[in-house]
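First up is the structure itself, then whatever we jot down about it.
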Amino acid sequence: MQHWLMKSEPAGYGIDDLVAAPNQVTGWWGVRNYQARNFMRDSMRLGDRAFFYHSSCDEPGIAGIVEVCRLAYPDETQFDPASAYFDPRSTPANPRWLQVDVKLLRKTRLVPLRELRSHGELAAMRVLQRGNRLSITPVEPAEWRFIVRLMQS
DNA sequence: GCCAACGTTGGC
DNA sequence: GCCAACGTTGGC
């Protein structure tokens, strides 16, 4: 079982939207980066856990823990000409973009990016690397455990 | 709003 | 296949 970090902009969809969602489940649609898509398609398994990360906001950081509850399947927004995520090169027979579904396990205290950076134990974390833009990144087991402990402090 | 870093596009 | 130009991300 693997661990992940998944970014979302809370102005669009934040942890409180997931708290309020039916069954506290949401589709993780809108990923338009091949590397992030490949993580979902090739590596994510049912039961994998992920940090729900708030990006591009006043206080970027980790806001909760979710669990993958549906394996990768086509993201419908790629077929919708009215959607900002429309991709004219994509067809239902040959979809280019995928999503998974995730279920909320718990909303946690906000662990700010600032705080993550302050811990040498997390120095190698993918999301903290200079220039990182990937919206889905793997999290090492030791990093996962360290951050879960931080959430309780 | 700025800008560094990175991914994608497209001409050649 | 190269690589310059361009668009996007995302912290600050």
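Convention: sequence-line order gives letters A, B, ...; per-chain numbering from 1. Remember, it's a predicted structure, so these values are computed and weren't measured experimentally.
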Calculate the interatomic distance between [X] atom [atom1] and [N] atom [atom2]; express it in whole Å.
X	N	atom1	atom2	result
A:Leu134	B:dT8	CG	C1'	14 Å
A:Trp97	B:dG7	CH2	P	13 Å
A:Leu128	C:dC12	CG	P	10 Å
A:Asn132	B:dA4	CG	P	18 Å
A:Gln35	B:dA5	CD	P	18 Å
A:Arg130	C:dC12	CZ	C1'	13 Å

Among the nucleotides [options], which one has an atom lying closest to any side-chain atom of [X]?
X	options	result
A:Tyr53	C:dT9, C:dG11, B:dT8	C:dG11
A:Leu113	B:dG7, C:dG11, B:dA5	C:dG11
A:Arg133	B:dT9, B:dA5, C:dG10	B:dA5

Open item on the list: Membership question, hydrophobic clusters at under 4.5 Å side-chain separation (ILVMFWY): are A:Val66 and A:Tyr13 in the same one?
Closed with: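 Yes, one cluster joins them.
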TODO: Find out if a path of hydrophobic residues (ILVMFWY) with successive side-chain heavy-atom gaps under 4.5 Å connects A:Leu116 to A:Val148.
DONE: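 The answer is yes; both residues are in one hydrophobic cluster.
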Open item on the list: Using a 4.0 Å heavy-atom cut-off, does A:Arg32 contact any base of the nucleic acid, only the sugar-phosphate backbone, or nothing at all?
Closed with: nothing
Open item on the list: So A:Arg117, base contact, sugar-phosphate only, or nothing? Heavy-atom distance under 4.0 Å.
Closed with: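 Sugar-phosphate only.
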Task: Side-chain heavy atoms of A:Ile65 within contact of A:Met151, under 4.5 Å - done: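 Yes, their side chains come closer than 4.5 Å.
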- [ ] Determine the interplanar angle of the A:Phe146 and A:His119 rings, folded into 0 to 90°, and report it as parallel if under 30°, tilted if 30 to 60°, perpendicular if over 60°.
- [x] perpendicular
